[in-house]
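Shown next, in structure tokens, is the structure this report addresses.
The structure presented is a predicted model; accordingly, all values stated were derived computationally and were not measured.
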Amino acid sequence: MKYLGKKSLSSLLSGILHVSWYVVLALSIIAVVVGAIILFSTPVEDPAALGMAKVNFHIFSELKNDEDWQMIKNIPLAVRILFLPYFGVIVALLLRILKKSQYLFNNFKNDIVFNKSNVLIISKISKLLIGFSILTFDFSSLLAGILLLMLCEIFKSGTVLQEDHDLTV
């Protein structure tokens, strides 16, 4: 299988990243709605009083006895409000990383490898990934971001060599 060009691995990855961007966007919207309902809802002691007697409240009765759930529900409202912007920043970073990666693999699909735009894209992806890893306390993402910074320098050197080669031919 080819790595660059049409009908290559780069073309496949570009398509997968395009689809995954929309999947992450849709799931994050659903998560925000569900998260807001869970974080800001008041506990329902008697579902029949609200006219919801036919709904199965087995899950809610289990949550009432769960220690982790009670710890979350006991967090002050001001702190719970901060969860949504934190989640929003993480999702925005993830969406930007996916979109930049899609641009990079789209360039690879079009046989544009050692180019200044790819160097900038890799640099931006690595910085976004480092920011993402700091916010999520993920060491593996931090390592991947640092490796991408090193790869960016390799691409920068390759771009200079490619420009020299294009000028001499």
Please give me the minimum heavy-atom distance between [X] and [Y], naming the atom from each residue.
X      : Y      : answer
Leu17  : Gln102 : CD1-N, 3.7 Å
Lys7   : Lys2   : O-CE, 4.2 Å
Thr159 : Lys116 : CG2-N, 3.8 Å
Ile121 : Lys100 : CG2-O, 3.4 Å
Asn107 : Asn118 : ND2-OD1, 2.6 Å

Are [X] and [Y] side-chain neighbours, meaning at least one heavy-atom pair lies under 4.5 Å?
X      : Y      : value
Phe108 : Leu9   : no
Tyr3   : Ser8   : no
Lys6   : Asn110 : yes

Under 3.5 Å, side-chain donor or acceptor atoms of residues 141-148 against the rest of the protein: list the pairs with distances, not counting sequence neighbours.
from: Ser141; atom 1: OG; to: Asp138; atom 2: OD2; distance (Å): 2.7

Is there a path from [X] to [Y] through hydrophobic residues (I, L, V, M, F, W, Y) whose side chains come within less than 4.5 Å of each other?
X      : Y      : value
Val113 : Leu151 : yes
Leu95  : Ile29  : yes
Ile154 : Ile130 : no
Ile90  : Trp21  : yes
Leu94  : Leu135 : yes

Gap separating the [atom1] atom of [X] from the [atom2] atom of [Y], nearest 0.5 angstrom:
X      : Y      : atom1 : atom2 : value
Leu4   : Ile112 : CG    : CD1   : 11.0 Å
Gln162 : Asn115 : CD    : CG    : 9.0 Å
Lys124 : Ile122 : NZ    : CD1   : 12.5 Å
Ser11  : Phe105 : OG    : CZ    : 11.5 Å

*With sequence neighbours left out, what residues match Tyr22 under ring-ring contact (aromatic ring centres under 6.0 Å, His included)?*
His18
*Ser101 and side chain to side chain contact (heavy atoms under 4.5 Å, CB included): which partner among Leu98, Ile97, Leu104?*
Ile97
*For Phe87, what residues pass the side chain to side chain contact (heavy atoms under 4.5 Å, CB included) criterion, not counting sequence neighbours?*
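Once residues adjacent in sequence are excluded, the partners of Phe87 under the side chain to side chain contact (heavy atoms under 4.5 Å, CB included) criterion are Ser28, Ala31, Val32, Val91.
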*Set of salt bridge (charged side-chain N to carboxylate O under 4.0 Å, His left out) partners for Lys156, sequence neighbours left out*: Glu153
*Side-chain cluster (under 4.5 Å, hydrophobic types only) that Val23 belongs to, other residues*: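 ILVMFWY cluster around Val23 also holds Val19, Leu27.
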_Pairs satisfying ring-ring contact (aromatic ring centres under 6.0 Å, His included), at least one member in residues 117-157, at least two apart_ = Phe114-Phe155
